[in-house]
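The next block holds one structure in the form of structure tokens; read it before the comments.
Proteins get letters first, then strands, A, B, ... in listed order; numbering begins at 1 in each. Atoms considered below: every heavy atom in the structure, side chains included; atoms not considered: hydrogens, waters and symmetry mates.
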Amino acid sequence: MHEMSLCQGVLKILQEQAEIQNYSKVNSVTLEVGELSTAVPESMEMCFDAITRGTLADGAELIIVRTKGEAWCRKCEDLVPVKERFGPCPQCNGVDIELRAGDALRIQELEVD
Amino acid sequence: MCLTCGCGQPGHVHSHDGHDHDHDHDHDHDHDHGHSHGHGHSHDHDHGHSHEHASTMGVTHDADLSTARVVKIEQDILSVNNRHADANRRFLKDRGIFTVNFVSSPGSGKTTLLARTITDMKEKFPFSVVEGDQQTENDAERIRATGAAATQVNTGKGCHLDAHMVGHALEHLDPDAESVLFIENVGNLICPSAFDLGEAHKIVVLSVTEGEDKPLKYPDMFFEADLMILNKVDLLPYLSFDVERCMAYAKQVNPDIRILQLSATAGDGLDEWYEWLSARRDATIAAKNRAN
């Protein structure tokens with residue numbers, strides 16, 4: 001259940017940014033959660049709801065943007081879609097691939113008051 | 001209380017050296033948060049609706065909605081943890097403390113390996129240990145029996161150690177300069193992979209009583225580790241574990257991973273492990289002396 005820790009990280013960033021960006025309430029948070037990242041979106045939603053109660057983000061909507069896994073296959077010399085972080089290339093079935101996208105866990109933007 | 005975060009919590013860490021009876025107290029602080037605000041449900045629903053219609057209707061439900069704006073952040077969710085990890089790493093580097101973070105499933109023999117290592121090597125250099133478990137002080141007690149200082153961190157509902165907890169543990173443990181610090185993570189092959197604690201190396205311990213395809217099933221952990229210790233090899237004659245295949249799987253996920261085969265109880269392969277440890281401790285101290 002490390003989504004709880006991840007959401008604690010999100011809340012901490014919201015609180016820090018509140019001073020920098022001068023807001024007192026967060027209405028929505030857009031998170032990029034890559035399909036190959038270590039977080040499960042449903043758990044993120046549940047934890048976010050629990051951890052933001054009584055904070056500046058109480059009741060804020062969590063918008064999760066899923067990004068697909070994409071890797072560079074050295075054999076094909078091509079960007080290929082991947083379903084597993086270290087899974088084989090769907091074109092040549094080789095494993096000499098380097099993940100390029102889909103593992104991000106990132107706050108993209110907020111709607112604030 | 002907390003130098004890095006100013007969180008004011010003595011929390012997380014339960015005791016330094018012994019048998020304090022404060023466990024319950026310390027813990028309550030950490031979790032105060034979620035409990036006292038039990039009225040949150042209705043908020044969620046009100047919210048979503050008011051946004052959609054507000055601007056087109058010209059009349060807003062919320063008086064302050066007109067001040068709503070979008071703020072771009074683009075910040076990694078783990079950045080807070082990583083900041084704590086960087087602070088831990090600086091603390092350790094300044095003191096020439098070589099630090100490893102042991103990760104594995106429960107029951108791979110981490111604590112046995114740590115206790116054996118300390119017993120065999122404590123004449124050569126000092127050790128201290130941060131023990132992470134969901135609950136109990138048992139592992140820290142096993143380590144203290146070897147003569148090394150140990151701090152137990154109980155994560156409660158948490159499934160991993162994070163850098164903030166380890167920062168507090170370091171304050172309590174106050175490890176000697178030029179010592180070796182072992183951090184034994186919570187037995188879990190998934191969650192601890194995401195959390196940098198400030199260690200020099202992650203070591204993943206896999207025992208031959210487990211499945212040889214664990215590197216493929218839990219690839220994140222094997223990708224993050226620099227060294228894989230294949231433990232309990234004295235039991236191989238009684239098992240159908242294919243060592244070569246297991247190592248090939250680990251290399252598939254992480255071509256640079258180094259692999260040592262050993263038995264913490266029977267003693268096979270320990271010399272090579274001790275060489276690995278000694279060489280890196282020497283390098284850590286040399287780096288500190290160069291910096292000063």
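The number of heavy atoms from other shown groups lying within 6.0 Å of CZ (B:R245) does not exceed 12. Summarising the local packing, CD of A:E98 is surrounded by more than 12 heavy atoms from other residues, nucleotides or ligands at distances under 6.0 Å. Annotation for A:E77: atom CD does not count as buried by contact number, only 12 or fewer foreign heavy atoms lying within 6.0 Å.
Taken from CE in B:M165 to OG in A:S5, the straight-line distance is 6.0 Å, to the nearest 0.5 Å. One finds the CD1 atom of A:I107 at 7.0 Å from the OG atom of B:S79 (value rounded to the nearest 0.5 Å). Note that NZ of A:K12 is 16.0 Å distant from CD1 of B:I77, once rounded to the nearest 0.5 Å.
Residues B:I73 and A:Q17 have side chains in contact (heavy-atom distance under 4.5 Å, counting atoms from C-beta outward). Side-chain contact check for A:R106 versus B:Q75: every heavy-atom pair is 4.5 Å or farther apart. Looking at heavy atoms from C-beta onward, A:L99 lies out of side-chain contact with B:F223 at the 4.5 angstrom threshold.
For A:Q21, the parts lying under 4.5 angstrom from a heavy atom of chain B are both the backbone and the side chain. Contacts between B:N81 and chain A at a heavy-atom distance below 4.5 Å are absent for every atom of the residue.
Cation-pi contact between B:R69 and A:Y23: absent, since separation from the ring centre below 6.0 Å together with deviation from the ring axis within 45° is not met.
Options B:L216, B:D162, B:D220, B:L78 differ in how many heavy-atom pairs under 4.5 Å they form with chain A, and the most are formed by B:D220. Between chain B and the residues A:I13, A:V95, A:T38, the most heavy-atom pairs under 4.5 angstrom are made by A:I13.
By the 4.0 Å N-to-carboxylate-O rule, B:K217 lies too far from A:E84 to be salt-bridged with it.
Closest approach of B:C159 to A:H2, counting heavy atoms only: SG-N, 3.3 Å. Across all non-hydrogen atoms, the minimal contact from A:E111 to B:A68 is OE2-CB, 3.6 Å.
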Worksheet entry | side chain to side chain contact (heavy atoms under 4.5 Å, CB included) between A:Q108 and B:E74, intermediate numbers included | CA-CA 4 Å; A:Q108 289 184 335; B:E74 295 292 341; 4.1 Å; yes

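Partner B:V71 forms a side chain to side chain contact (heavy atoms under 4.5 Å, CB included) with one of A:V26, A:I20, A:V112 and no other, that one being A:V112.
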